[in-house]
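This report concerns only the one structure given below.
Throughout, numbering of the chain's residues begins at 1 and tracks the sequence. Every number for a ligand or one of its atoms is a count from 1 in the order of the listing.
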Amino acid sequence: MIETIQWTDGGVVMIDQTLLPGKEEYFTCRDYKDVAHAIRTMVIRGAPAIGVAAAMGVAIGIAQARPADLDGQLAVISAELAGTRPTAVNLFWAIDRMNRVYREHRHLAYEALRDRLIAEAKLVREEDIEINTAIGRHGAPLVPDGKTVLTHCNAGALATAGYGTALGVIRAAIESGKNIDVFADETRPFLQGSRLTVWELQQDGIKVKLITDNMAGHFLHSGQIGCVIVGADRIAANGDVANKIGTYSVAVLAKENNVPFYVAAPISTLDMTFPTGELIPIEERGAKEVTHVFGVPVAPAGTEVRNPAFDVTPNRYVTAIITERGVARATFEKSLRALVEETK
Ligand code: MRU
């Protein structure tokens, strides 16, 4: 299995996703500022992986803090990490979880508190892998046998601590004996589909073909695609889904062609504080991601650009949301609420 992120004695080690597939190199974060830098520059990306990184960022920050003013430093560390990327709610979920554990153990001696936070960050990583395996288990029966699965962006092992959400469902379907292959949208402008999804599926020997984003409609109309499966960065209480830019277009095309559109995501991606997806903050990234490809200009110098990194797919296009606790279908307000409240 690809090791996306690990806690080591030398720091938080991540596979550098900006260099894949050309180079398989690892980036070591030696302090919390390195972790924040890695999230901001997309050395690590994908909602659940960002969450694990943020948890480890808090832990390494406290492990290196002055014991005299821990509360103040935790606030600084948390604010720096929270300011890295706005859309994936797992970032804020992980920071909140670490802050809660800190408060619950604040009475301990510094060394014990530090060790507790490191243990929690490692647990966030381990749990993520278990959660993805459960998502796969729930999702595998939904995947039509003998057909192609279309996916967008990278919601795989690289976007999580391991196994993946959308790609986890694909892995589980194959493990259950289904004969499927994958079409990966290239996912302009950052190319997570071509650089990351194709690479990680090839590592596992899963049959994959790369298509450009504007080919999705053609293939969805062809009858070859059995279902679409994507991940999510934030899901509102009504089932509206924020995911990588271009997801909305694929969802509309899927509905037009009667192809099921599935979203695979952990419960930590549900944001029940947003009744609908309208107010989900959408990250706007730099112009160069659009005007250049690997440093080569593909537009005239000075071209003005819009570069929203995510879009929101209204719930009417979503056939089902696959979580580690089960599959939610419309009416999502009810079905998602039931899944969230399951442990309470
Ligand atoms: O900008 P990115 O690469 O962090 O965006 C990632 C996505 O949109 C993924 O599809 C999403 O986070 C789901 S990952 C399991």
Does any non-hydrogen side-chain atom of F310 lie less than 4.5 Å from one of I245?
no
Taking 4.0 Å as the limit for heavy-atom contacts, which would you say applies to E283 with ligand 1: side chain only, backbone only, both, or neither?
neither
Tell me the protein heavy atom at minimum distance from atom 14 (S) of ligand 1, and give that distance in Å.
A159 CB, 3.5 Å
Specify the protein heavy atom at minimum distance from atom 7 (C) of ligand 1: its residue, its atom name, and the distance to 0.1 Å.
D233 OD1, 3.2 Å
So, T197 and N154: side-chain donor and acceptor under 3.5 Å apart, yes or no?
yes
Please state which part of P48 comes within less than 4.0 Å of ligand 1, counting heavy atoms only: side chain, backbone, both or neither.
side chain
Show the atoms of ligand 1 that are less than 4.0 angstrom away from any heavy atom in Q192.
1 (O), 2 (P), 3 (O)
Is any side-chain heavy atom of M98 less than 4.5 Å from a side-chain heavy atom of V101?
no
Give the atoms of ligand 1, by number and element, whose distance to some non-hydrogen atom of F310 is under 4.0 Å.
1 (O), 5 (O), 8 (O)
Below 3.5 angstrom, do we get any N/O pair linking A47 and ligand 1?
yes
For the 3.5 Å polar cut-off, considering only N or O atoms, please tell me whether N243 and ligand 1 meet it.
yes
Once you restrict to heavy atoms under 4.0 Å, what part of C153 touches ligand 1? Side chain, backbone, both or neither.
side chain
Would you tabulate the side-chain donor-acceptor contacts of residues 25-33 under 3.5 Å, counting partners in other chains and residues two or more places apart, or write 'none'?
residue : atom : partner : partner atom : Å
R30     : NH1  : G10     : O            : 2.8
D31     : OD1  : K33     : N            : 3.2
D31     : OD1  : D34     : N            : 2.9

Backbone or side chain, does any N or O of R85 fall under 3.5 Å from an N or O of ligand 1?
yes
Among H152, M42, Q17, E186, whose side-chain contact (heavy atoms from CB on, under 4.5 Å) with Q192 holds?
M42
Suppose we measure from atom 15 (C) of ligand 1 to each protein heavy atom; which comes out shortest, and what is that distance?
T165 OG1, 3.0 Å
Location of contacts on V230 toward ligand 1, heavy atoms closer than 4.0 Å:
neither
Show every salt bridge (charged side-chain N to carboxylate O under 4.0 Å, His left out) that has at least one partner inside residues 256-285, sequence neighbours left out.
R85-E283, R234-D271, E283-R285, E284-R306, R285-E289
Ligand 1 atoms nearer than 4.0 angstrom to some heavy atom of G231 are 13 (C)
Regarding ligand 1, does M42 bring an N or O atom to under 3.5 Å of one of the ligand's N or O atoms?
no
Just to be sure I'm reading this right: ignoring hydrogens, which of R45, K244, R234 gets closest to atom 1 (O) of ligand 1? Compare them by their nearest heavy atoms.
K244
Can you check whether V124 reaches W93 side chain to side chain, under 4.5 Å on heavy atoms?
yes
Can you tell me if T276 and N238 form a side-chain donor-acceptor pair at under 3.5 Å?
no
Does a side-chain heavy-atom distance below 4.5 Å link L150 with I211?
yes
Polar side chain donor-acceptor pair, Y163 to D128, under 3.5 angstrom
no
Contact between ligand 1 and A309 is defined here as a heavy atom of the residue under 4.0 Å from a ligand atom; is it met?
no
